[in-house]
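What follows is one structure encoded as structure tokens, with my remarks underneath.
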Amino acid sequence: MTQHKQAEQHRLAKWIAHSGFCSRRAAERLITAGRVSVNNTLAGHTLQVSQHDLVCIDQQPLAAPPPLHYVLYHKPVGIDCNVKADNPASLYQLIHHLPHRLFAVGRLDKDSSGLLLLTNDGALSQQLMHPDFLHEKAYLVETDKSIDAQFIQQMASGVSWQLGERHYQSRPCNVIALGEKQFHITLTQGLHRQIRYMSKACGYKVTALKRIRLDCIELGNLAVGAMRDLTASELQQLQALRLNVQPDTEQ
């Protein structure tokens with residue numbers, strides 16, 4: 001078997017996204033518009049490519065995907081995950097100075113703290129955040145008043161809420177009371193401000209929220225505002241996730 005065949009191959013849109021040129025959806029639009037060629041031939045969506053192929057967008061060669069990097073960050077309260085250069089509270093102010101172009105896997109709202117995974121691995125990011133994969137996200141939550149067994153049962157069974165004309169429903173999840181006003185919750189979804197809306201629907205207000213785990217990655221004792229590279233063990237576990245079967249749209 002030649003070296004060309006041995007090289008790891010990826011679907012074209014995924015390869016373009018990994019290069020950092022644009023998102024996968026934007027890459028799919030470029031392919032549909034006939035603006036992408038591979039080895040000087042107009043490319044289709046199902047084409048598989050590797051590092052040995054010449055991928056061009058608007059006749060300009062696409063840069064090879066950069067090495068993958070993974071950084072664990074303990075986000076403080078007050079940092080906005082919306083990446084906006086003109087916002088002094090934006091996560092942009094942090095990642096802009098990193099030696100590699102990274103982005104956050106999922107978001108934590110400005111009033112929340114805890115684990116953020118920063119990476120340039122788009123495939124892993126989609127898998128960790130896609131609800132079909134059921135990856136767990138664990139949080140410590142504090143409320144404005146004492147919690148009871150009924151509240152724990154309601155949260156665990158699934159809660160519905162309405163925002164404008166849109167209806168939301170949480171999946172059943174694991175909820176454990178930790179103290180008079182504190183509980184631990186493990187979700188397999190990532191709806192917008194989900195825990196806050198779930199609690200509100202049950203008559204409670206969240207006063208503090210911290211993410212402590214994202215699948216196999218744990219916040220541990222990492223200080224607020226600090227960051228570190230992932231360990232070899234953590235990288236090995238993430239690599240195992242990346243080798244899992246992708247959703248149908250990625251096949």
Side-chain angles (χ1 to χ4, degrees), residues 2-71 73 80-87 90-92 94-96 98-108 116-135 137 189-192 214-215 217 230 235 238-251:
T2 66
Q3 184 180 14
H4 180 85
K5 292 183 180 180
Q6 291 174 341
E8 183 178 4
Q9 293 190 323
H10 299 276
R11 196 166 179 171
L12 181 56
K14 184 177 178 181
W15 182 264
I16 295 172
H18 279 187
S19 76
F21 184 86
C22 62
S23 69
R24 183 172 299 152
R25 288 186 179 181
E28 290 172 348
R29 290 193 291 269
L30 290 173
I31 296 169
T32 299
R35 297 171 58 185
V36 182
S37 65
V38 175
N39 301 325
N40 300 314
T41 301
L42 193 64
H45 288 277
T46 60
L47 188 65
Q48 300 282 328
V49 297
S50 75
Q51 60 183 327
H52 302 293
D53 293 301
L54 175 62
V55 179
C56 293
I57 299 176
D58 295 331
Q59 301 182 341
Q60 297 299 314
L62 183 71
L68 298 177
H69 296 277
Y70 309 87
V71 174
Y73 172 53
D80 192 336
C81 285
N82 289 318
V83 182
K84 297 181 179 179
D86 59 351
N87 179 3
S90 171
L91 182 65
Y92 172 87
L94 173 73
I95 62 178
H96 177 66
L98 296 178
H100 311 286
R101 181 178 177 269
L102 305 181
F103 55 85
V105 178
R107 293 181 177 181
L108 286 172
L116 268 185
L117 178 61
L118 307 177
T119 185
N120 57 351
D121 189 338
L124 175 69
S125 176
Q126 181 180 13
Q127 190 182 70
L128 285 173
M129 292 297 104
H130 199 294
D132 288 353
F133 285 109
L134 304 179
H135 289 299
K137 308 164 190 68
Q189 291 172 288
L191 301 175
H192 177 62
L214 175 60
D215 198 87
I217 307 301
L230 296 193
L235 287 173
L238 286 180
Q239 181 64 26
L241 291 180
R242 294 184 74 250
L243 295 176
N244 283 345
V245 177
Q246 299 289 314
D248 290 341
T249 56
E250 304 304 318
Q251 300 285 327

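- Y73 places a side-chain heavy atom less than 4.5 Å from the side chain of L91.
- Within 6.0 Å of atom CG in N40, 12 or fewer heavy atoms from other residues, nucleotides or ligands are found, so the atom counts as exposed in its surroundings.
- If you take CG on L12 and CD1 on I31, they are separated by 4.0 Å, rounding to the nearest 0.5 Å.
- Between R35 atom CZ and Q60 atom CD the span is 11.5 Å, to the nearest 0.5 Å.
- Considering only heavy atoms from C-beta on, K137 comes within 4.5 Å of M129 through its side chain.
- With sequence neighbours left out, S125 forms a side-chain contact (heavy atoms from CB on, under 4.5 Å) with F103, V105.
- Between F21 atom CZ and I57 atom CD1 the span is 4.0 Å, to the nearest 0.5 Å.
- Here the SG atom belonging to C81 is positioned 4.5 Å from the CG atom belonging to L116, to the nearest 0.5 angstrom.
- Here the closest heavy-atom approach between residue W15 and residue Q51 is recorded as CH2-N, 3.5 Å.
- Within the 4.5 Å cutoff, no side-chain heavy atoms of L98 are placed close to those of V71.
- Scanning for side-chain contact (heavy atoms from CB on, under 4.5 Å) contacts around N82 gives D80, K84, R107, with sequence neighbours left out.
- L235 meets the side-chain contact (heavy atoms from CB on, under 4.5 Å) test with Y70, L230; sequence neighbours excluded.
- Across I16, L42, L62, a single residue satisfies side chain to side chain contact (heavy atoms under 4.5 Å, CB included) together with V36, and that is I16.
- Atom-to-atom distance recorded for R11:CZ and L47:CG is 10.0 Å, nearest 0.5 angstrom.
- For the pair T32 and H45, the minimum side-chain heavy-atom distance is below 4.5 Å.
- For A27 against A13, the heavy-atom pair with the smallest separation is CB-O, 3.7 Å.
- Taking 4.5 Å as the limit, every side-chain heavy atom of N120 sits out of range of all side-chain heavy atoms of R101.
- Remark: side-chain polar atoms of N39 are paired, donor with acceptor, to backbone N or O of L54 under 3.5 angstrom.
- Distance check: L238 CG to D215 CG gives 7.5 Å after rounding to the nearest 0.5 Å.
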Output, in order, the C-alpha distance, side-chain angles, deciding distance and verdict of side-chain contact (heavy atoms from CB on, under 4.5 Å) for L68 and L124.
CA-CA 10 Å; L68 298 177; L124 175 69; over 6 Å; no
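- Checked by atom type and distance alone, the side chain of T119 pairs as donor or acceptor with a backbone atom of H69 at under 3.5 Å.
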